[in-house]
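Structure first, commentary second.
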Amino acid sequence: MASSHATAHYIRTSAQKAGLVLDQIRGKDVGHALATLRYSRKIIAKDIEKVLRSAIANVQQQDGFGGDVDRLFVAKCFANQGPSMKRIRPAPMGRAFRVVKRMAHLTVEVAERPGKVAPAASTAAKKSETKKRRPAKTT
């Protein structure tokens, strides 16, 4: 089971805003996560999509990767707070207001789902059990 991560540093957004989008893709399959990011209205979604594609490329380069991208899912994703730029904005009567321009570090980790080992005989047995459990209709 292969896994890999990618990180983007100094992205010009707050970690809180990035976390809202990252919460939407956490635990989803890679294809579904890319579609979610593609059609998201948040501007940070484009940067997260780049990081996700980089993590997918990283896991494809590993030796233990099975080769099936459809089995990948977003295992972890988070945004840490980066440095803040402090700026001064003029205020009335000679005063000054401080403007804090925040940055974030985005991290996305993708992993391969374990293969499903279910022989056909066991699935047929499960189907027959479900038929036995249903009560008979009375009219």
Side-chain angles (χ1 to χ4, degrees):
M1 187 167 113
S3 69
S4 183
H5 75 279
T7 304
H9 293 284
Y10 307 108
I11 302 299
R12 188 53 191 86
T13 186
S14 68
Q16 183 178 8
K17 289 179 185 178
L20 293 173
V21 180
L22 290 170
D23 289 341
Q24 293 177 347
I25 65 167
R26 188 175 294 119
K28 291 187 179 179
D29 291 331
V30 168
H32 192 71
L34 285 171
T36 302
L37 292 172
R38 179 56 147 276
Y39 296 108
S40 175
R41 295 182 60 178
K42 302 284 187 179
I43 295 173
I44 190 64
K46 291 185 189 249
D47 292 325
I48 295 173
E49 184 180 354
K50 282 183 184 180
V51 176
L52 179 57
R53 288 186 187 276
S54 177
I56 294 168
N58 289 345
V59 79
Q60 286 176 340
Q61 296 298 318
Q62 289 184 347
D63 292 333
F65 180 61
D68 190 12
V69 180
D70 295 332
R71 288 180 50 195
L72 293 177
F73 73 103
V74 180
K76 295 180 193 173
C77 57
F78 51 91
N80 291 331
Q81 187 171 348
S84 299
M85 296 187 292
K86 283 106 178 159
R87 300 291 181 257
I88 304 264
R89 181 170 176 245
M93 298 175 61
R95 287 186 294 239
F97 291 152
R98 177 174 267 188
V99 177
V100 179
K101 298 185 176 185
R102 301 183 186 277
M103 288 186 243
H105 303 310
L106 308 176
T107 303
V108 176
E109 181 178 332
V110 294
E112 202 172 7
R113 288 199 192 274
K116 296 179 182 177
V117 182
S122 66
T123 56
K126 287 181 183 178
K127 287 182 182 179
S128 65
E129 286 179 15
T130 57
K131 289 181 181 178
K132 291 178 185 177
R133 291 182 190 167
R134 291 183 187 157
K137 288 186 177 180
T138 56
T139 55

Only distances under 3.5 Å count here; give the side-chain donor-acceptor pairs of residues 53-69 to other protein atoms, sequence neighbours excluded, each with its distance to 0.1 Å.
| unit_1 | atom_1 | unit_2 | atom_2 | d |
| --- | --- | --- | --- | --- |
| Arg53 | NE | Glu49 | OE2 | 3.4 |
| Arg53 | NH2 | Glu49 | OE2 | 3.1 |
| Asn58 | ND2 | His5 | O | 3.1 |
| Asn58 | ND2 | Ser54 | O | 3.3 |
| Gln62 | NE2 | Ser3 | O | 3.0 |
| Asp68 | OD1 | Asp70 | N | 3.3 |

Considering only distance and modelled atom types, tabulate donor-acceptor pairs under 3.5 Å from the side chains of residues 22-38, sequence neighbours left out.
| unit_1 | atom_1 | unit_2 | atom_2 | d |
| --- | --- | --- | --- | --- |
| Asp23 | OD1 | Arg26 | NH1 | 2.7 |
| Asp23 | OD1 | Arg26 | NH2 | 3.3 |
| Arg26 | NE | Cys77 | O | 3.3 |
| Arg26 | NH2 | Cys77 | O | 2.6 |
| Lys28 | NZ | Gln24 | O | 3.0 |
| Asp29 | OD1 | Arg113 | NE | 3.2 |
| Asp29 | OD1 | Arg113 | NH2 | 3.2 |
| Thr36 | OG1 | His32 | O | 2.8 |

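Summarising the geometry of Ile44 relative to Lys17, their closest heavy-atom pair is CG2-O, 4.2 Å, with the distance given to 0.1 Å.
No more than 12 heavy atoms of other residues, nucleotides or ligands sit less than 6.0 Å from atom CD1 of Ile43.
Going from atom CZ of Arg102 over to atom CE of Met85 covers 11.5 Å, rounded to the nearest 0.5 Å. Taking CG of Leu106 as the reference point, atom CD1 of Ile11 lies at 5.5 Å (rounded to 0.5 Å). Taken to the nearest 0.5 Å, the CD1 atom of Ile48 stands 11.0 Å off from the OG1 atom of Thr107.
The ring-ring contact (aromatic ring centres under 6.0 Å, His included) check on His105 picks up His9, Tyr10, with sequence neighbours excluded.
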